[in-house]
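Following: one structure in structure tokens, then a few remarks.
The structure presented is a predicted model; accordingly, all values stated were derived computationally and were not measured. We count residues from 1, following the sequence as given.
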Amino acid sequence: MPEVDMSDANGRRTRRRVGKTGPFLLALGGLTLGLCVLGVVEGRLEDRLAGIGAGVSIGLMILGLVGIWRGRSERAAGRSLPTSARDRAIRDRAWMASFIPFSMIVFGGLSVMAIGDLQAGTGDIGDGLMVGVGLLYGWLGPLIIMGWDGKSLKNRRLLEDELTRHHRARAVIPGFIALLSLMTGLVVIGLWRADLAVRLGPLAISVAGAAATLRFAHLERQADAGD
């Protein structure tokens with residue numbers, strides 16, 4: 001009786017799953033964005049809720065594009081996706097760290113507009129929620145780097161090693177420099193326009209976090225390619 005190569009079967013299933021997920025998320029994000037635009041045009045959706053929906057839609061579309069790019073790069077390189085639990089966990093973490101920074105910047109930008117409305121006295125609860133979401137997203141990338149997000153905590157046994165700690169230390173450097181530079185700029189701006197400095201605060205946090213997260217993702221992919 002012929003022996004079945006379970007590793008090859010798992011690799012094929014993983015490739016099919018990755019190949020379908022990217023286009024699905026891209027289509028879902030585009031559909032959601034279209035519904036938000038339609039709701040605004042028809043006057044059935046508040047601008048703030050439409051902004052939140054648009055941010056979520058853009059995040060889904062970015063995730064979909066990254067998924068499509070990942071699938072194509074795998075096929076072009078002629079490499080099979082990792083089949084061991086540890087390799088899959090590492091690849092998924094690098095993939096997550098690659099697209100999360102763009103969502104962080106999107107929500108950081110949306111929170112800038114929300115703070116402006118609150119400062120002008122025209123904001124509502126939706127603006128307050130958007131500011132909260134923007135601040136939370138600013139922490140999302142660093143949580144992935146430190147291994148404090150839900151998935152990393154679940155797979156800590158597989159993900160925590162000396163190489164990860166080395167990448168973590170190297171990734172923090174550009175994020176720290178970006179944060180110091182941006183905060184210095186905001187202090188200078190605040191001497192003349194304190195309201196503008198406060199408004200740009202969440203975006204500065206998101207950009208600094210995104211810089212560190214992208215560096216971490218690059219190091220992870222570089223190590224994976226070297227293997």
Side-chain angles (χ1 to χ4, degrees), residues 29 33 47-63 65-66 93-153 159 164-165 167-221:
L33 183 61
D47 291 345
R48 186 53 50 200
L49 292 177
I52 295 174
V56 173
S57 302
I58 293 173
L60 289 173
M61 293 172 72
I62 291 172
L63 175 57
L65 289 172
V66 172
R93 180 178 62 184
W95 186 41
M96 182 73 68
S98 297
F99 80 83
I100 280 295
F102 300 100
S103 299
M104 293 167 61
I105 293 174
V106 167
F107 280 100
L110 291 173
S111 67
V112 171
M113 296 184 290
I115 293 176
D117 291 339
L118 291 172
Q119 289 176 330
T122 59
D124 53 20
I125 188 170
D127 294 298
L129 290 174
M130 177 54 71
V131 175
V133 170
L135 290 172
L136 289 175
Y137 257 81
W139 281 88
L140 189 55
L143 286 177
I144 294 175
I145 296 174
M146 300 305 298
W148 294 342
D149 62 294
K151 197 164 186 178
S152 296
L153 290 173
L159 294 174
T164 294
R165 288 188 284 272
H167 289 170
R168 186 177 292 153
R170 291 184 62 185
V172 167
I173 295 173
F176 183 68
I177 293 174
L179 184 62
L180 284 179
S181 301
L182 291 169
M183 289 299 108
T184 300
L186 290 181
V187 170
V188 174
I189 292 173
L191 295 176
W192 289 273
R193 290 285 306 277
D195 59 327
L196 183 58
V198 172
R199 193 183 308 172
L200 294 174
L203 180 59
I205 293 173
S206 296
V207 170
T213 309
L214 285 172
R215 177 60 174 162
F216 182 76
H218 172 72
L219 292 170
E220 291 282 281
R221 291 196 305 270

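When all heavy atoms are compared, the tightest approach of His167 to Leu219 is CE1-O, 3.4 Å. Val198 and Ile115 get closest at one heavy-atom pair: O-CD1, 3.9 Å. Considering all non-hydrogen atoms of both residues, Gly175 and Ala212 come closest at CA-CB, 3.8 Å. Here the shortest heavy-atom pairing between Met104 and Pro142 reads CE-CD, 4.2 Å. Pairing each heavy atom of Ser111 with each of Gly134, the nearest pair is CB-CA, 4.2 Å. Between Ile105 and Leu203, the shortest heavy-atom contact is O-CD1, 4.0 Å.
Here the CE-CD distance, from Met96 to Glu220, works out to 13.5 Å after rounding to the nearest 0.5 Å. Atom OG1 of residue Thr184 and atom CG of residue Leu179 lie 9.0 Å apart, to the nearest 0.5 angstrom. Between the CG atom in Leu186 and the CZ atom in Arg199 there is a gap of 12.0 Å [rounded to 0.5 Å]. How far CG of Leu153 is from CG of Leu143: 9.0 Å, rounded to the nearest 0.5 Å. The line from CD1 of Ile173 to CZ of Arg215 is 8.5 Å long, rounded to the nearest 0.5 Å. In this structure, Tyr137 OH and Ile100 CD1 are separated by 6.0 Å, a value rounded to the nearest 0.5 Å.
Around the CG atom of Leu191, the shell of radius 6.0 Å holds more than 12 heavy atoms that belong to other residues, nucleotides or ligands.
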